[in-house]
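Labels below follow one simple rule: chain letters A, B, ... track the order of the sequence lines, proteins then strands, and each chain is numbered from 1.
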There are 2 protein chains.
Amino acid sequence: MITNKSCIIRLSRYKNALYRLRALGFVKVFSDNLADAIGVLPSQVRKDFSLFGISGNKRGGYQVDSLIEKLNTILGKEQTQEVIIAGLGNIGNALMKYKGFEKEGLKISACFDIDSTKYSRDSDIPVLPLEEMKEFVRAKRIKIGVIAVPDIAAQSVLDMMTACGIKGVLNFAPLRLRASGDIVVNNVNLELELENVIYFVNAQEKTKVS
Amino acid sequence: MITNKSCIIRLSRYKNALYRLRALGFVKVFSDNLADAIGVLPSQVRKDFSLFGISGNKRGGYQVDSLIEKLNTILGKEQTQEVIIAGLGNIGNALMKYKGFEKEGLKISACFDIDSTKYSRDSDIPVLPLEEMKEFVRAKRIKIGVIAVPDIAAQSVLDMMTACGIKGVLNFAPLRLRASGDIVVNNVNLELELENVIYFVNAQEKTKVS
């Protein structure tokens, strides 16, 4: 089992680049093309692919269609992945409407909240009471959850998801959650990402002044 | 100039943890406390701090107030940072309403879009035509921008921001942008983050079966 997160992120990026190149009429690509598209060295592309047993032909080229198929298999994209969201605040709402997920084979199956004024059972994506998560997740055998609730509720929602049988979580709450068992938690912290940009801008300005 | 992104992210996390600990009444903390709070080793905490000249007392403790102040100075948080957003779609909208930024000293000053039905000059956060970005950014000397426009518009918006004098960008469009000059671009790709969770969940399941 490969557990290098950066490598997996690169595979996703290659795949996205390949979809774009295919839309432009590309039938074959070289490691240089993919390297340029995602900003790494060609040797990195070849190394990543060989790690998963993907090899090009003698001239180093890859067939676009076959490469997309192989990457989708590695990334578990052969079938649509169902995902639930906890928390219909600003972020939860944006994720529900976000069109990028569908084309990546991700389907938001339901959203759960504690605010009864938000419930809507008959929407395309139903909004349900948090108490119904367990039944819903078990019936549909959903493995992936997104936490978009306020800080103070995030840990209890993670515990609830764990108890439901969720195996992987994308967490938007800006704190570290205690995960138990074999659940995978990936954190996205928007403030930190923005602070990071600000730090590097400030550092550049200071360098110029001094 | 320190250019290690992970280190800066850890500094932000320490700072967030410190605010939480201070709210709980902590006056002093030890590297072990901060290590537990963000999930690293205590030696990592001490190393990160010593890199920026922050040292504890003989017993290894740090005063919470003074530590927060030092971290804020390092992270450029002494003053409110003004930020503009390009694109008032789902993500742009969520960012405009997101309360997490304000308490981090980040202020969204305006949002720019090409859709005239979205304009509102008199809102708390004005929504303005994209053509007015240059004048606005220059007048207010804004250095930080967020790109939340569709893929196909992202590169031209980055070019526009660069021409306006923006120095750091947080990009939500799921493709690699070509940055010119000394502009810093940090990418947040929500599909990739979710795919990453899915990959590791699938990998775990395969391991169990085999």
Side-chain angles (χ1 to χ4, degrees), chain A residues 1-3 5 8-9 11-13 16-17 20 37-39 74-77 81 83 89-91 93-101 104 106 143-144 146 151 167-170 174-176 182 184-186 188-207, chain B residues 1-3 5 8-9 11-13 16-17 20 37-39 74-77 81 83 89-91 93-101 104 106 143-144 146 151 167-170 174-176 182 184-186 188-207:
Chain A
M1 176 180 154
I2 309 294
T3 50
K5 183 175 162 178
I8 300 307
I9 289 193
L11 292 188
S12 293
R13 291 199 170 128
N16 292 346
R20 272 178 243 281
I38 82 155
I74 294 166
L75 295 167
K77 303 288 290 294
Q81 286 281 350
V83 175
N90 296 323
I91 290 178
N93 222 326
L95 295 175
M96 295 249 291
K97 291 178 191 161
Y98 190 49
K99 291 184 185 68
F101 290 141
E104 295 295 326
L106 303 169
K143 296 273 177 273
I144 314 290
V146 174
D151 301 15
K167 295 295 177 197
V169 168
L170 187 62
L175 74 169
R176 185 183 169 229
D182 55 4
V184 177
V185 179
N186 188 8
V188 176
N189 186 328
L190 299 178
E191 292 105 304
L192 285 193
E193 298 293 346
L194 200 46
E195 279 187 13
N196 208 262
V197 173
I198 292 169
Y199 169 79
F200 284 105
V201 169
N202 286 339
Q204 269 185 353
E205 308 241 307
K206 279 177 202 160
T207 313
Chain B
M1 176 180 155
I2 309 295
T3 49
K5 182 174 162 177
I8 299 307
I9 289 194
L11 292 188
S12 292
R13 291 198 168 128
N16 292 347
R20 273 178 241 281
I38 82 156
I74 292 167
L75 295 166
K77 305 287 290 292
Q81 284 282 351
V83 176
N90 296 322
I91 291 177
N93 221 327
L95 296 175
M96 295 250 291
K97 291 179 191 159
Y98 190 50
K99 291 185 185 66
F101 290 140
E104 295 295 327
L106 302 169
K143 296 273 177 271
I144 314 290
V146 174
D151 302 15
K167 295 295 178 199
V169 167
L170 187 61
L175 75 168
R176 185 184 168 230
D182 55 3
V184 177
V185 180
N186 187 8
V188 176
N189 186 329
L190 300 178
E191 294 106 304
L192 286 192
E193 298 294 345
L194 200 46
E195 279 187 15
N196 207 262
V197 173
I198 292 169
Y199 169 80
F200 284 106
V201 169
N202 287 339
Q204 269 185 356
E205 308 241 307
K206 281 178 201 160
T207 313

Peer 1: Which distance, rounded to the nearest 0.5 Å, do you find between the CD of A:E195 and the CZ of B:F101?
Peer 2: 10.0 Å
Peer 1: Given that the side chain runs from C-beta out, which part of A:V185 has a heavy atom under 4.5 Å from chain B: side chain, backbone, both or neither?
Peer 2: neither
Peer 1: Please identify, among B:L95, B:I198, B:V184, B:L75, the residue contributing the most non-hydrogen atom pairs under 4.5 Å to chain A.
Peer 2: B:I198
Peer 1: Is it the side chain or the backbone of A:N16 that comes within 4.5 Å of chain B heavy atoms, both, or neither?
Peer 2: side chain
Peer 1: Write down the atom of B:N90, the atom of A:Y98, and the distance for their closest heavy-atom approach.
Peer 2: ND2-N, 3.8 Å
Peer 1: If every non-hydrogen atom of A:F200 is compared with every non-hydrogen atom of B:I8, which pair is closest and at what distance?
Peer 2: CZ-CG1, 4.2 Å
Peer 1: I'd like to verify something: which residue of B:K97, B:R13, B:E191 has the highest number of heavy-atom pairs under 4.5 Å with chain A?
Peer 2: B:E191
Peer 1: With respect to chain B, which residue among A:V146, A:L190, A:N189, A:L11 yields the maximal number of heavy-atom pairs within a distance under 4.5 Å?
Peer 2: A:L190
Peer 1: With respect to chain B, which residue among A:P174, A:G39, A:G89 yields the maximal number of heavy-atom pairs within a distance under 4.5 Å?
Peer 2: A:G39
Peer 1: Picking from A:V188, A:L106, A:N186, A:V83, which has the most non-hydrogen pairs under 4.5 angstrom with chain B?
Peer 2: A:N186
Peer 1: Which bit of A:I9 comes within less than 4.5 Å of chain B, counting heavy atoms only: side chain, backbone, both or neither?
Peer 2: both
Peer 1: Chain B heavy atoms under 4.5 Å from A:A17: which part of the residue, side chain, backbone, both or neither?
Peer 2: neither
Peer 1: Please examine the side chains of A:N196 and B:S12, heavy atoms only from C-beta on, and report whether any two atoms are closer than 4.5 Å.
Peer 2: no
Peer 1: Taking C-beta and beyond as the side chain, do A:I144 and A:K167 meet within less than 4.5 Å on heavy atoms?
Peer 2: no
Peer 1: So do A:E193 and A:V197 actually touch side chain to side chain, heavy atoms under 4.5 Å?
Peer 2: no
Peer 1: Show your working on side chain to side chain contact (heavy atoms under 4.5 Å, CB included) between B:R20 and A:D151 and close with a plain yes or no.
Peer 2: CA-CA 11 Å; B:R20 273 178 241 281; A:D151 301 15; 3.0 Å; yes
